[in-house]
Amino acid sequence: MKSNLIVGAGLSGAVLASLIADKLNEEVLVIDRKEHIAGNIYDYKDKETNITIHKYGPHIFHTNNKKVWDYLSKYTKWNFFFLKPNVIIEGNCVTLPFNLTTLYEVFSNKMASDLEEKLISTYGYGAKVPILKLRENPELEFIAQYIYENVFKNYTSKQWGLEPDKIDPSVTARVPIYISFDNRYFQDKYQGIPLFGYTKMVENILKHKNIKVKLNTDFKEITQKFDRVIYCGAIDEYFDYKFGQLPYRSLNFDIQTINQEYYQKTVVVNYPNNYDFTRICEHKYFLNEKSSKTVISVEYPQSFELGKNERYYPIANDENLALYKKYKDESQKIDGLYFLGRLGDYKYYNMDLAVERVFEFFDKELK
Ligand SMILES: Cc1cc2nc3c(=O)[nH]c(=O)nc-3n(C[C@H](O)[C@H](O)[C@H](O)COP(=O)(O)OP(=O)(O)OC[C@H]3O[C@@H](n4cnc5c(N)ncnc54)[C@H](O)[C@@H]3O)c2cc1C
């Protein structure tokens with residue numbers, strides 16, 4: 001029987017611990033330097049209002065992967081939830097992603113119906129067209145430019161601290177125009193918020209006789225030897241940044257309690273223009289919680305600075321991925337050491353993809 005150390009009690013670490021404990025019947029020590037489990041998906045009940053707060057930003061679970069959905073559903077019930085965000089355009093709060101509903105919210109009926117017809121005849125109803133692609137089409141240049149200016153350009157610049165043309169296409173693709181009246185942000189088959197919160201879900205995943213969890217514990221404090229170390233922290237930090245630091249974008253969440261029942265009409269409102277922040281999230285909507293007060297978080301993008309703030313989004317350009325590869329190659333020289341998760345792989349994963357990645361890792365490396 002092998003001994004296992006998992007560094008990081010986030011979703012990736014917890015899912016892997018449960019597989020090792022359950023399927024291999026081996027013991028696992030899971031450590032985290034934070035004072036709580038669940039990593040980036042940690043949520044907690046605000047004492048004053050009893051509203052569940054997503055501490056590190058709004059998290060909506062959505063997937064088409066039935067295996068992932070069924071696995072997580074063993075550990076939580078769900079509040080079936082469809083994200084229907086809004087965006088402020090020219091002072092009006094309208095539907096996001098920019099879709100056919102939005103056309104009628106921002107333009108006259110005549111203009112909206114002309115555009116609707118052109119979009120449907122060019123791309124087909126139901127198509128999702130990345131904004132930069134739409135911009136290449138001369139017939140639709142006006143609407144492309146309108147969306148680009150009002151929804152995409154400044155939001156993306158604020159989010160990444162970059163000009164839009166410096167941004168990796170995979171990031172741009174995440175901001176589509178949706179040729180549909182379906183106002184849901186995601187169309188995945190399974191969507192929801194854990195009914196008792198993400199932290200409770202992770203706690204349930206970690207509940208196993210073979211799993212021990214130690215919080216407030218940094219990997220550097222561990223002196224015991226393990227057959228396997230699976231490190232879900234930042235790969236550059238593990239190697240003491242010997243090739244240099246991997247850059248990330250960070251966020252600052254200004255969490256405020258407001259003395260009124262609702263602050264905005266939906267869970268997330270984006271502010272592409274006019275302000276330093278990018279979006280405001282009103283947390284009571286996730287679980288439809290009732291309170292005479294409400295809690296919002298105002299999201300300010302910023303650079304990641306070691307020791308000052310959290311790593312949020314890896315900046316996936318060629319230079320940074322080449323740097324990541326150096327660390328990855330280095331890690332492969334060490335027997336029994338593996339890297340996993342959004343920080344270990346230096347990759348943005350939605351929650352379902354993080355779980356999928358753990359399943360694949362387990363099947364390939366440990367089974
Ligand atoms: C702002 C934001 C919003 C998001 N929204 C969504 C969403 O709506 N839907 C969706 O599907 N996904 C969303 N995601 C993605 C989601 O957060 C990730 O998929 C998930 O958190 C990945 O979990 P992880 O375990 O890989 O990483 P993490 O949750 O970061 O876990 C890593 C853990 O390792 C610990 N650790 C690191 N180094 C050490 C060390 N040296 N010693 C001890 N412990 C250490 C950390 O404290 C942390 O707890 C969002 C991400 C961000 C940044």
Side-chain angles (χ1 to χ4, degrees), residues 5-18 29-43 54-65 68-69 72 81-83 85 159-160 174 185-186 188 190-194 198-199 201-202 205-206 213-222 229-241 246 248-253 267-268 277-279 281 283 286 297 299-302 304 306-307 309-315 338-358 361:
L5 173 68
I6 295 182
V7 180
L11 185 62
S12 302
V15 172
L16 185 66
S18 85
L29 174 63
V30 182
I31 60 161
D32 204 298
R33 64 180 166 206
K34 290 201 168 115
E35 60 187 16
H36 58 72
I37 58 167
N40 210 39
I41 66 172
Y42 172 72
D43 55 14
H54 293 188
K55 180 171 182 187
Y56 303 98
H59 277 75
I60 295 97
F61 186 81
H62 58 100
T63 190
N64 283 317
N65 186 326
V68 169
W69 176 257
L72 292 178
F81 180 91
F82 299 112
L83 176 65
Q159 178 84 339
W160 294 98
R174 291 180 62 200
Y185 197 72
F186 304 113
D188 300 58
Y190 308 104
Q191 306 190 36
I193 309 289
Y198 287 100
T199 307
M201 178 180 83
V202 173
I205 295 173
L206 288 166
V213 179
K214 249 181 115 184
L215 296 177
N216 300 303
T217 307
D218 196 287
F219 176 63
K220 289 202 167 72
E221 298 164 41
I222 301 289
V229 173
I230 300 107
Y231 195 90
C232 303
I235 190 166
D236 54 343
E237 182 179 335
Y238 179 92
F239 290 106
D240 289 323
Y241 309 104
L246 286 167
Y248 286 83
R249 281 302 275 173
S250 187
L251 297 167
N252 176 38
F253 294 99
V267 62
V268 172
F277 56 86
T278 46
R279 53 181 186 169
C281 169
H283 294 256
F286 288 123
S297 53
E299 195 168 320
Y300 293 87
Q302 51 189 220
F304 166 67
L306 202 55
N309 50 17
E310 297 275 337
R311 296 172 171 96
Y312 280 94
Y313 300 106
I315 302 174
Y338 306 90
F339 287 85
L340 205 60
R342 67 184 192 99
L343 302 169
D345 288 341
Y346 191 61
K347 192 167 179 185
Y348 180 85
Y349 291 121
N350 273 328
M351 289 177 274
D352 60 331
L353 296 182
V355 175
E356 220 174 278
R357 158 79 172 124
V358 174
F361 170 83

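Atoms within a ligand are numbered from 1 in the order they appear, just like the ligands themselves. Here the structure is a predicted model, which is why all the values come from computation and not from measurement.
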Taking 4.0 angstrom as the limit, do E35 and K55 come out as a salt bridge?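 Looking at E35 and K55, the cut-off is not met.
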In terms of side-chain geometry, is the basic nitrogen of K214 or E221 positioned less than 4.0 Å from the acidic oxygen of its partner?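 No salt bridge links K214 with E221.
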Rounded at 0.5 Å granularity, tell me how far [atom1] in [X] sits from [atom2] in [Y].
X: F286; Y: F81; atom1: CZ; atom2: CZ; answer: 5.5 Å
X: Y190; Y: D352; atom1: OH; atom2: CG; answer: 12.0 Å
X: L246; Y: L343; atom1: CG; atom2: CG; answer: 10.0 Å
X: M351; Y: I41; atom1: CE; atom2: CD1; answer: 6.0 Å
X: S12; Y: N40; atom1: OG; atom2: CG; answer: 10.0 Å
X: I235; Y: F339; atom1: CD1; atom2: CZ; answer: 4.5 Å

Heavy atom of the protein closest to [atom] (residue, atom name, distance):
atom: atom 31 (O) of ligand 1; answer: G10 CA, 3.7 Å
atom: atom 8 (O) of ligand 1; answer: I60 N, 2.8 Å
atom: atom 20 (C) of ligand 1; answer: I41 CG2, 4.1 Å
atom: atom 44 (N) of ligand 1; answer: R33 N, 3.2 Å
atom: atom 35 (C) of ligand 1; answer: D32 OD2, 3.4 Å
atom: atom 1 (C) of ligand 1; answer: Y313 OH, 3.2 Å
atom: atom 11 (O) of ligand 1; answer: M351 N, 2.7 Å

Report yes if [X] has an N/O atom closer than 3.5 Å to an N/O atom of ligand 1; otherwise report no.
X: P58; value: yes
X: A234; value: no
X: S12; value: yes
X: H59; value: yes
X: R279; value: no
X: R342; value: yes
X: Y349; value: yes
X: V7; value: no
X: L11; value: yes

Once the angle between the rings of F361 and Y338 is folded into 0 to 90°, is it parallel (under 30°), tilted (30 to 60°) or perpendicular (over 60°)?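 Judged by the thresholds at 30° and 60°, the geometry between F361 and Y338 is perpendicular.
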Could you check whether H54 and F253 have their ring centres less than 6.0 Å apart?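 Centroid distance F253-H54: not below 6.0 Å, so no.
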May I ask you to check whether Y248 and Y346 place their ring centres under 6.0 Å from each other?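 Under 6.0 Å, so yes.
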Using the side chain to side chain donor-acceptor pair (under 3.5 Å) criterion, which residues pair with H59? Sequence neighbours excluded.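 None.
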Which residues share a side-chain contact (heavy atoms from CB on, under 4.5 Å) with K34, sequence neighbours left out: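 By the side-chain contact (heavy atoms from CB on, under 4.5 Å) rule, K34 matches D32, H36, Y56, E310.
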Under a plain distance cut-off of 3.5 Å, with no hydrogens placed, do Y238 and D240 share a side-chain donor-acceptor pair?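 No.
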Would you kindly say whether T63 and D188 are connected by a side-chain donor-acceptor distance under 3.5 Å?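 No, no side-chain donor-acceptor pair sits under 3.5 Å.
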Of all the atoms in ligand 1, which lie at a distance below 4.0 Å from a heavy atom belonging to [X]?
X: K34; result: 47 (O)
X: G341; result: 26 (O)
X: C232; result: 32 (C), 34 (O)
X: G8; result: 33 (C), 34 (O), 35 (C)
X: G233; result: 37 (C), 38 (N)

Out of Y348, Y231, Y185, F219, whose heavy atom sits nearest atom 42 (N) of ligand 1?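 Comparing heavy atoms across Y348, Y231, Y185, F219, the nearest one to atom 42 (N) of ligand 1 lies in F219.
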Of the listed options D352, N40, L251, closest to atom 21 (O) of ligand 1 (non-hydrogen atoms):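 The option holding the nearest heavy atom is N40.
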Just to check, does F61 reach to within less than 4.0 Å of ligand 1 when the distance is taken from its heavy atoms?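 Checking ligand 1 against F61, which is what was asked, there is no heavy-atom contact under 4.0 Å.
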Of all the heavy atoms in T217, does at least one lie under 4.0 Å from an atom in ligand 1?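 Checking ligand 1 against T217, which is what was asked, there is a heavy-atom contact under 4.0 Å.
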Examine the proximity of ligand 1 to Y56 and report which part, side chain or backbone, both or neither, has a heavy atom under 4.0 Å away.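 For Y56, the contact with ligand 1 is made by the backbone alone.
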